[in-house]
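In listed order, ligands and their atoms are each counted from 1. We number each residue from 1, following the sequence as shown.
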Amino acid sequence: MLVFKFGGASVKSADAVKNIVDILKKYPEEIVIVVSAMGKTTNALERIIEHFVNRDEEHLRQEYNLLKEYHMEIMHGLFEDKGNKAYVDIEEVFGDLADRLGEEPTMNYDFDYDQVIGFGEILSTKIIAFYLDHAGLKTKWIDVRKSLKTDNTFREGRIDWELSTRLVKKNFVFNGENFLVTQGFLASNMNNQTVSLGREGSDYTAAILAHMLRAESVTIWKDVPGVLNADPKYFDDTILLDKLSYLDAIELAYYGTSVIHPKTIKPLQNKNINLYVKSFVDPDDPGTLVANLAYEKLVPSFIFKMDQVLIRISPHDFSFIAEDNLEIIYGILHKHGLKINLQQTSAVSFQVIVNNDKRKVRQVVDELEEHFKVSYETGLELVTIRYFDDDTIRRVMINKTLLLEQRGVQNIQLVVRDLG
Ligand code: ASP
Ligand code: MG
């Protein structure tokens, strides 16, 4: 049994969905198919959620209509016969979404977010399951929320591995079907309320299911040829990394290679399951294999995080930054869910680099100011180079000023401001 994961770009149009059928036909195995929301649907739903909590009816309706039109256009490209049952089902899902949006927002933003955000994956998986069936592929649609159970951490659910393993094994069975289609990114708590696993979490879902079902391998289908040593958005001559150890894959993902979600690797490594990252445009190309591999080193890889904020924190008195102060600082960052991308401690100050999530940064800075002297700088870049050398550092530093540097054995991290 194989696990395939198709992300938003691979299901963004009727043609993209048809392409999936061509890919699936190449494989004789039974396949669990994990699918994300179509195209930029999750971003659209995030805007809908903003309008919902702000009770901005007019924009809410506009965005809802756009989302529906977008999905209907895909439906029309897939099902010529307007009598196809898919239309009834998808209308029903949009009806449920409208009902949900007609309710009052609660005081819990993260809870409301998860109750709405999940519609993207429900829509995409229903459409795809209907289409595979329509194309003659024996398919069953599965609601992953009935199997993956989490705590109540909305927007970042923590999996209950024992219970979920039992439910996944019970529910993900092939009964004459070749394909089981299910949602990435979603799970539910003990009250059956939807809990999402964090943005871009569908890769993680694929890994969880592969681990629990002991799949032979996982394939993540992307619009790039595999894992590259740099993002082609920022670099001209990128190199395909054809083989990666689990450790290198974890490191690259952790520092921000957007191709694989950082949580994806561990569940696979623990069961020695191979991960392929392949192009849905050129499905016969080998792509990248992540596996239990050994080698000396790789070509340098570059990871850029843009739009970073450097927060400098120092005590009001002349006390040093010590454990008690750090406890307060970490507590505040954790409370507002702001993740540290890099940190540096000196005797008299503590500096953290975070993503420019404006709402959270403001809350964190406000609260830090109750205890410390705080200043911050925006518009920075965090560059990580794995397997760095002097040449690659020079290449990265062209036209930049350096604010912070951290050097390890394999990795270097540079916080820079672009002068261009
Ligand atoms: N649809 C979700 C997102 O865009 C999950 C995913 O695509 O992995 O974040
Ligand atoms: Mg994705």
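- The two residues Leu67 and Ala44 make their nearest non-hydrogen contact at CD1-CB, 3.9 Å.
- With 3.5 Å as the limit, one finds a donor-acceptor pair spanning the side chains of Tyr113 and Glu46.
- Remark: the Thr194 side chain and the Asp114 side chain contain no N/O donor-acceptor pair separated by less than 3.5 Å.
- Taking a cut-off of under 4.0 Å to the non-hydrogen atoms of Ser202, the atoms of ligand 1 that pass are 5 (C), 6 (C), 7 (O), 8 (O).
- When Phe6, Phe185, Tyr204 are ranked by how near their heavy atoms come to atom 5 (C) of ligand 1, first place goes to Phe185.
- Residue contacts with ligand 1: Gly120 is excluded, as none of its non-hydrogen atoms falls under 4.0 Å.
- At least one N or O atom of Glu200 sits closer than 3.5 Å to an N or O atom of ligand 1.
- Aromatic ring centres of Phe302 and Phe235: separated by under 6.0 Å.
- Close approach of ligand 1 to Thr42 (heavy-atom distance below 4.0 Å) involves ligand atoms 1 (N), 2 (C), 3 (C), 4 (O).
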Residue pair His76, Tyr87: steps toward the ring pair (Phe, Tyr, Trp, His ring centres under 6.0 Å) verdict: CA-CA 9 Å; His76 293 149; Tyr87 286 100; 5.7 Å; yes
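- Within ligand 1, the atoms closer than 4.0 Å to a non-hydrogen atom of Glu121 are 1 (N), 2 (C), 5 (C), numbered from 1 in the order shown.
- No part of His261 comes within 4.0 Å of ligand 1, judged by heavy-atom distances.
- Contact of the Leu66 side chain with the Gln62 side chain is not registered, since no non-hydrogen atoms from C-beta on lie closer than 4.5 Å.
- Considering only non-hydrogen atoms, atom 4 (O) of ligand 1 lies nearest to Arg199 out of Gln183, Lys5, Arg199.
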